[in-house]
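Below, all heavy atoms of this structure are taken into account, side chains as well, without hydrogens, waters or symmetry copies. Letters A, B, ... mirror the listed sequences (proteins, then strands); counts begin at 1.
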2 protein chains.
Amino acid sequence: MVDCLSVKAGEGEGFPNSDGKSWFFPHSNLAMDIEAVAAATEERAGVFAGAWGWLKGLPEKLKNKAVEVAKSAKKLGQDDPRRVTHSLKAGLALTLVSSIYYLSPPFNYFGVFGMWALLTVVVVFEFTVGATLLKCFNTSFGTLCGCALGIGANNLAYLFGDKGPPIVEIILILLFLLGAVSSFIRFNPRIVKSYDYGVLIFISTFTLVAVSGYRTDDILQLADKRLFTILIGGATCLVISIFVFPVWAGQDLHKLTVSNLEKLANYLQGLGGQYFNEGNVTTGDMAALVQGYESVLDSKSDEDSWANFARWEPAHGGFHFRHPWKQYPKIGDLARQCAYHIKALDDYINSDDHIQAPLMEFRNIIRESSTKMSSESSKALKELALAIETKTDPSAANPHVENSKTAINDLEILALQAATTENREDVLAIIPIVSLATKLKEITKCVEKISESVHELSRLAHFNSVEPTISPERPQLVHAGSVVPVSDGDSIDHVAITVHA
Amino acid sequence: MVDCLSVKAGEGEGFPNSDGKSWFFPHSNLAMDIEAVAAATEERAGVFAGAWGWLKGLPEKLKNKAVEVAKSAKKLGQDDPRRVTHSLKAGLALTLVSSIYYLSPPFNYFGVFGMWALLTVVVVFEFTVGATLLKCFNTSFGTLCGCALGIGANNLAYLFGDKGPPIVEIILILLFLLGAVSSFIRFNPRIVKSYDYGVLIFISTFTLVAVSGYRTDDILQLADKRLFTILIGGATCLVISIFVFPVWAGQDLHKLTVSNLEKLANYLQGLGGQYFNEGNVTTGDMAALVQGYESVLDSKSDEDSWANFARWEPAHGGFHFRHPWKQYPKIGDLARQCAYHIKALDDYINSDDHIQAPLMEFRNIIRESSTKMSSESSKALKELALAIETKTDPSAANPHVENSKTAINDLEILALQAATTENREDVLAIIPIVSLATKLKEITKCVEKISESVHELSRLAHFNSVEPTISPERPQLVHAGSVVPVSDGDSIDHVAITVHA
């Protein structure tokens with residue numbers, strides 16, 4: 001019985017099942033033995049039944065798992081079809097380099113080093129052109145430095161060392177020093193951001209050259225082969241990356257910035273419809289809008305890495321080589337700040353705090369100016385997004401920013417009037433108005449900052465100016481009109497909600 | 001003249017300098033030629049002078065650069081001395097594995113494959129134990145799968161293919177398929193987070209085994225050697241990582257969470273001193289506090305990756321194997337939300353908005369309850385930080401959270417009273433009060449959410465309960481008292497500001 005109990009307790013803790021032992025348990029009497037055997041048999045039966053049940057359920061479970069994996073793969077592909085293209089491109093690069101490896105006469109020369117070309121393809125081929133370029137640069141520069149220093153280390157060791165062990169010791173000391181230094185360098189945040197992989201390649205090449213150098217005595221040939229094979233792999237990746245359905249980090253960054261601003265604009269437009277006018281927007285629409293601004297909050301890491309990769313990309317799709325990519329994350333940071341304020345507003349609207357006030361009356365007081373503020377901010381953001389998208393001057397947003405500021409001032413004055421005309425008992429109704437006004441004001445301020453930042457981008461990137469006021473008789477106006485799509489003028493007066501999600 | 005201008009304009013855009021051309025310009029007359037020559041000569045002289053100046057300044061610049069690099073390296077080391085230890089450990093691991101490679105008799109067997117051990121060390125050795133473990137797992141699992149499938153692919157090719165080309169074709173097709181599939185898998189965010197490196201190792205091993213298999217005909221031996229050498233490299237890294245000055249991701253995560261809460265608490269405490277009582281805190285102190293909450297905003301990526309690595313670490317420093325590491329980033333997210341609200345408050349206080357009110361009068365009205373709210377929130381956060389730090393029950397924070405909520409309600413009532421007693425002209429003074437109350441209320445709410453999240457952590461991680469109220473006669477109280485440091489009780493009533501930055 002004691003044994004049996006201990007088995008039970010043991011099982012719970014994950015110890016192995018030791019029920020067989022109870023047959024030989026020295027202190028046991030018959031009654032105990034029978035009980036123990038019965039319990040053990042029952043337990044064993046339970047274990048078997050459990051195992052059988054698990055086995056029987058296995059095909060079903062595996063099927064469900066497979067369906068789940070297939071669904072998530074389908075979603076991954078649908079979210080961005082370029083992922084499928086990229087995978088095929090990667091397969092193509094790998095196959096191409098392998099075929100080169102199989103072509104016997106000229107490439108047999110590389111022997112086992114042909115592998116490096118394949119490994120380079122596996123490691124270097126990235127989603128965007130910029131990332132692939134950066135990795136190619138890292139690989140070649142790291143290999144070059146590693147080879148040079150590796151050869152240098154060997155020469156140094158032979159120069160100063162005697163025959164035999166001392167050379168090994170000198171090389172080991174150099175390995176220790178360079179290994180420690182390059183590990184330390186990798187803590188530098190700027191190195192980590194762009195050149196981490198290069199340092200890794202450097203130290204691995206150095207190790208390879210320095211250590212095999214002593215063994216094979218043909219370092220130069222080894223270094224030369226390694227460089228050449230890496231060049232083959234890198235060049236294949238670059239050519240496929242740039243010329244077969246290229247994915248540009250810069251273009252993605254540009255689009256992300258535009259869509260972030262649009263998402264914020266859509267929420268603000270929806271807010272006017274849902275909260276102040278009721279019924280214009282369904283709960284489903286609103287949920288999509290909320291999802292929109294929440295995705296803005298999570299966009300920082302994408303933005304930062306794309307801005308980093310975009311610097312490496314050649315001119316493409318209307319962006320010249322030195323396009324001010326650094327300005328985009330700045331706009332993104334402000335958009336995220338705005339999204340945080342929107343989140344606070346959204347949480348507040350959906351909390352119980354503002355319901356303590358007589359609801360309808362409260363809404364009536366603030367309806368006009370709140371609706372105006374949110375729609376004007378929304379229009380300003382849409383103008384800014386459009387200006388970035390079409391690479392034109394963002395001045396069209398300025399009047400909307402000003403209108404939004406005026407509306408928020410009106411709201412504050414309204415709140416004051418309410419505060420002074422209400423009697424003491426109804427004074428609780430004022431707090432929600434001022435709270436709301438405070439939150440809306442934060443958003444207005446953010447929109448103003450975003451506008452400034454987009455103007456800065458326009459200045460740095462030499463966006464086409466629309467110039468409608470300076471010289472309306474000049475033919476440039478027609479040209480500018482053709483750059484800005486016709487939908488531009490429409491969207492300003494557009495009140496219906498368009499969900500971009 | 002025209003040419004000259006065009007040269008100048010071209011320069012501004014970064015076009016090559018084409019001043020030599022003006023000598024043969026067909027439409028030029030003498031005056032224009034002379035002007036052009038003079039300008040070109042002047043320009044050339046300018047270029048030489050510039051180059052000479054640049055060369056003369058080079059040693060100085062190089063010296064400055066070297067000093068700058070040395071300073072930033074010193075700062076990197078001072079910020080976290082474990083970085084220096086880690087670098088030395090990495091150098092040690094590399095040297096150890098190289099020495100094994102140099103020991104001729106037993107390891108000569110591996111030949112060129114000894115390289116893999118070195119490359120594994122270079123790639124696998126990470127700062128924290130958890131990250132190293134995860135990379136070791138990725139390397140071994142990726143290599144195993146890659147070897148198995150590579151051998152399988154070769155067998156398949158020999159089974160179905162005839163002699164010669166068809167085998168190559170089958171292998172190339174398999175390479176294309178697996179290359180494409182594994183590239184696609186890497187888009188899965190869950191895979192990227194933990195197993196990206198494993199997929200990379202898998203596809204590179206598969207390629208290596210599948211392609212060399214055809215060439216060397218001793219795949220099994222190759223696979224076997226690759227596995228063994230990788231094991232040597234990985235094991236060396238693991239032993240050094242765990243037993244020589246180990247750095248635990250879990251411990252770092254734990255400390256980061258504690259310090260984030262403390263930084264928020266310090267700001268709130270400083271706020272009461274600086275803004276409402278004036279003069280208690282210097283501007284320098286306040287700048288340090290601002291820097292504190294701003295660093296909280298940037299802590300997300302560290303937190304997420306450490307929580308990911310900590311799951312892989314064995315029991316250490318009072319944390320058992322299945323410690324609820326996932327709860328820490330949740331607390332961190334709330335702390336960042338709180339930091340965003342604090343940022344909004346800080347921006348507001350430093351803006352001109354609240355100065356439109358008669359300054360001193362306004363401060364006097366709200367001084368008491370604002371100071372109480374910020375000091376109680378600060379105490380609550382400090383209690384929560386202490387509870388996490390000492391792994392004890394965080395109930396001591398509850399009364400402070402309640403006090404903070406009461407204080408913010410008082411502030412709202414005060415604002416209302418002010419609104420009703422002031423006459424119409426002074427009514428502008430109310431807006432800043434309600435604005436401030438709104439912002440403080442957001443912070444109070446966040447602190448409450450943080451408190452709930454820390455209670456959840458305490459429940460999941462089975463933190464020691466202090467139990468002072470349930471059974472004061474039990475001896476456990478003495479034990480509990482010894483778990484909580486004496487400074488605990490002190491810090492509750494502590495009003496002086498302690499800057500932890």
Indicate yes or no: at least one non-hydrogen side-chain atom of [X] is less than 4.5 angstrom from one of [Y].
X: A/Ser99; Y: B/Leu172; result: yes
X: B/His341; Y: A/His341; result: no
X: A/Leu76; Y: B/Phe184; result: yes
X: A/Val121; Y: B/Thr207; result: no

Do A/His86 and B/Phe187 make the cut of ring centroids closer than 6.0 angstrom?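 Yes: the rings meet the under 6.0 Å criterion.
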With rounding to the nearest 0.5 Å, note down the distance linking [atom1] in [X] to [atom2] in [Y].
X: B/Leu119; Y: A/Ser204; atom1: CG; atom2: OG; answer: 5.5 Å
X: B/Leu92; Y: A/Leu175; atom1: CG; atom2: CG; answer: 12.0 Å
X: B/Leu297; Y: A/Arg336; atom1: CG; atom2: CZ; answer: 12.0 Å
X: B/Ser98; Y: A/Leu174; atom1: OG; atom2: CG; answer: 11.5 Å
X: A/Leu177; Y: B/Ser87; atom1: CG; atom2: OG; answer: 12.0 Å

Partner chain A: residue of B/Ile185, B/Val123, B/Val122, B/Val181 with the largest heavy-atom pair count (under 4.5 Å):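 It is B/Val122.
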Just do the side chain to side chain contact (heavy atoms under 4.5 Å, CB included) check on B/Leu94 and A/Ile203 with the steps written out, would you? CA-CA 10 Å; B/Leu94 210 59; A/Ile203 192 69; 4.1 Å; yes
Structural part of [X] lying under 4.5 Å from a heavy atom of chain A:
X: B/Ala437; value: neither
X: B/Lys300; value: neither
X: B/Lys343; value: side chain
X: B/Asp79; value: neither

A/Gly179, A/Ala344, A/Ala180, A/Ser182: which one forms the most heavy-atom pairs within less than 4.5 Å of chain B?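 Among A/Gly179, A/Ala344, A/Ala180, A/Ser182, the one with the most close pairs to chain B is A/Ala180.
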Can you see which heavy atom on [X] is nearest to which on [Y], and at what distance?
X: B/Thr95; Y: A/Phe176; answer: OG1-CB, 3.2 Å
X: B/Ser183; Y: A/Ala90; answer: OG-CB, 3.1 Å
X: B/Thr438; Y: A/Lys439; answer: CG2-NZ, 3.7 Å

Engaged part of A/Ala93 at the chain B interface, taking heavy atoms whose separation is under 4.5 Å: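 When you check distances to chain B, no heavy atom of A/Ala93 falls under 4.5 Å.
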